[in-house]
Amino acid sequence: MLPPPFAAARSRLDRLWARGTAFLGTRFAIMGGAMSWVSERHLVSAISNAGGFGVIACGAMGPELLAAEIAATQALTQKPFGVNLITMHPQLSELIEVCIGAGVTHIVLAGGVPPGPAVRAVKDGGARLICFAPALVLAKRLVKSGADAIVIEGSEAGGHIGPVSLTVLAQEILPHLRDVPVFVAGGLGRGEAILSYLEMGAAGAQLGTRFAASRDSIAHANFKRAFMRANARDALPSVQLDPRFPVIPVRGLVNEGTKRFLEVQAETVRRFQAGEVSREDAQLEIEHFWAGALRRAVIDGDVETGSVMAGQSVGMVTKDQSVQEIVDELVEQATQAIAGRE
Ligand SMILES: Cc1cc2nc3c(=O)[nH]c(=O)nc-3n(C[C@H](O)[C@H](O)[C@H](O)COP(=O)(O)O)c2cc1C
């Protein structure tokens, strides 16, 4: 039992994120952002069991592997969880079928505007559709075409990022998009910050980095240690050297790999200018540099040359915690902040 000022503050918090908890079917409107190689059965079920909402990252998995991952997650939790599918996946429709067949209630379509048939397949299958929107116009378009909820992810986030911070996206989108619940993501590490976005109209929050470093994450000890040591300023977006060879911005910890990436780009551009390689091949070489690099960091623990994707919130990873401890701490911080005003 919470003492009266905290009980009142907790009810206020519950009211603030009621739309999010109703949509997700959870106790708290805290989503665990899907992270390739990291968001598997253990982390996802731990987040859902802690009162949040775990999301499996399908990544490059095929239908059989995904079906097995969903079944294994269902064996570890009775609570709802979602599956994140990448729209470019060549077997997108089969993956949606797998989710629907397994009774997955929420599907996140990430990595671009989802194609119409995919949207229809999710909706016809009775699942709720969550999409990412990097701008208000796109958010409105996604809602019109069937998105049941939107995630706005600021450039503070780990992994693939857009150019705009959550501070600005939230101001541009939250006051103008009231038709569906909107979840905020990117750079969130404390409950007070989550509370501030709820008060601006967000339905809930999505975190990745803090959960990736948790005790329940299967990430290699080296990966978690790197998170523990890093400050916000160490989590930087990948750098593009030449506008002729675009690089998709990915935020991660600076290491030998990120330095080498610059050298490889410089060398590739030099070879292109010398006529030694075609533009297409040069672009492919640059794109292939990071192939398999996230797995190498997360699973093998190669944090020197692997891709150590992390958000700026990595500076708030300071101790070894379980998912339950992180979720409880976030809720406690938000509650204290409300109670402190009384
Ligand atoms: C290691 C790592 C891998 C990620 N992989 C994915 C992914 O596969 N798909 C996706 O939609 N987002 C991915 N993200 C983004 C997260 O889902 C989440 O939105 C983001 O981490 C939120 O920002 P935060 O890290 O500051 O909490 C990844 C993030 C990290 C840190």
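Both counts, for ligands and for their atoms, begin at 1 and track the order of listing. The structure presented is a predicted model; accordingly, all values stated were derived computationally and were not measured.
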Under a 4.0 angstrom heavy-atom cut-off, which atoms of ligand 1 come close to [X]?
X      : answer
Met309 : 1 (C), 2 (C), 3 (C), 31 (C)
Gly186 : 22 (C), 23 (O), 26 (O)
Gly33  : 17 (O)
Gln206 : 17 (O), 18 (C), 19 (O)
Asn84  : 10 (C), 11 (O)
Ser313 : 24 (P), 25 (O), 26 (O), 27 (O)
Met35  : 2 (C), 3 (C), 4 (C), 5 (N), 6 (C), 28 (C), 29 (C), 30 (C), 31 (C)
Leu207 : 27 (O)

Side chains of [X] and [Y]: donor-acceptor distance under 3.5 Å anywhere?
X      : Y      : answer
Arg210 : Gln321 : yes
Asp14  : Ser11  : no
Ser322 : Asp216 : no

Purely on distance, is any nitrogen or oxygen of [X] under 3.5 Å from one on ligand 1?
X      : result
Gln312 : no
Phe132 : no
Arg210 : no

Query raised in the report: Taking the minimum heavy-atom distance to atom 26 (O) of ligand 1, which of Ala212, Gly187, Ser307, Ala232 ranks first?
Result: Gly187
Requested in this report: Using heavy-atom distances, let me know which of Ser155, Ser39, Ala34, Gly159 sits nearest atom 14 (N) of ligand 1.
Outcome: Ala34
Query raised in the report: Do Phe53 and Phe28 have ring centres separated by under 6.0 Å?
Result: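 For Phe53 and Phe28, the ring centres are not under 6.0 Å apart.
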List the closest protein heavy-atom neighbour of [atom]: residue, atom name, distance to the nearest 0.1 Å.
atom                    : result
atom 27 (O) of ligand 1 : Gly208 N, 2.8 Å
atom 8 (O) of ligand 1  : Ser36 OG, 2.6 Å
atom 18 (C) of ligand 1 : Glu153 OE2, 3.4 Å

Requested in this report: Calculate, to the nearest 0.5 Å, the distance between atoms NZ and NE2 belonging to Lys140 and His176 respectively.
Outcome: 7.5 Å
Would a distance-only check, ignoring hydrogens and angles, find a side-chain to backbone donor-acceptor pair under 3.5 Å from [X] to [Y]?
X      : Y      : value
Ser307 : Leu294 : no
Glu156 : Leu166 : yes
Lys79  : Thr26  : no

Report task. Return yes when Gly59 approaches ligand 1 closer than 4.0 angstrom through a heavy atom, no otherwise. Result -> no
Query raised in the report: Going only through I, L, V, M, F, W and Y residues with side-chain contacts under 4.5 Å, is there a path from Val180 to Leu138?
Result: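 Yes, because Val180 and Leu138 connect within a single hydrophobic cluster, where side-chain heavy atoms sit under 4.5 Å apart.
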Report task. Give me the one residue out of Ile130, Ile47, Val184, Leu207 that meets side-chain contact (heavy atoms from CB on, under 4.5 Å) with Met31. Result -> Ile130
Query raised in the report: Quick one: which of Glu287, Arg279, Glu280 gives a side-chain hydrogen bond (donor to acceptor under 3.5 Å, both in side chains) with Gln283?
Result: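 Single pass found, and it is Glu287.
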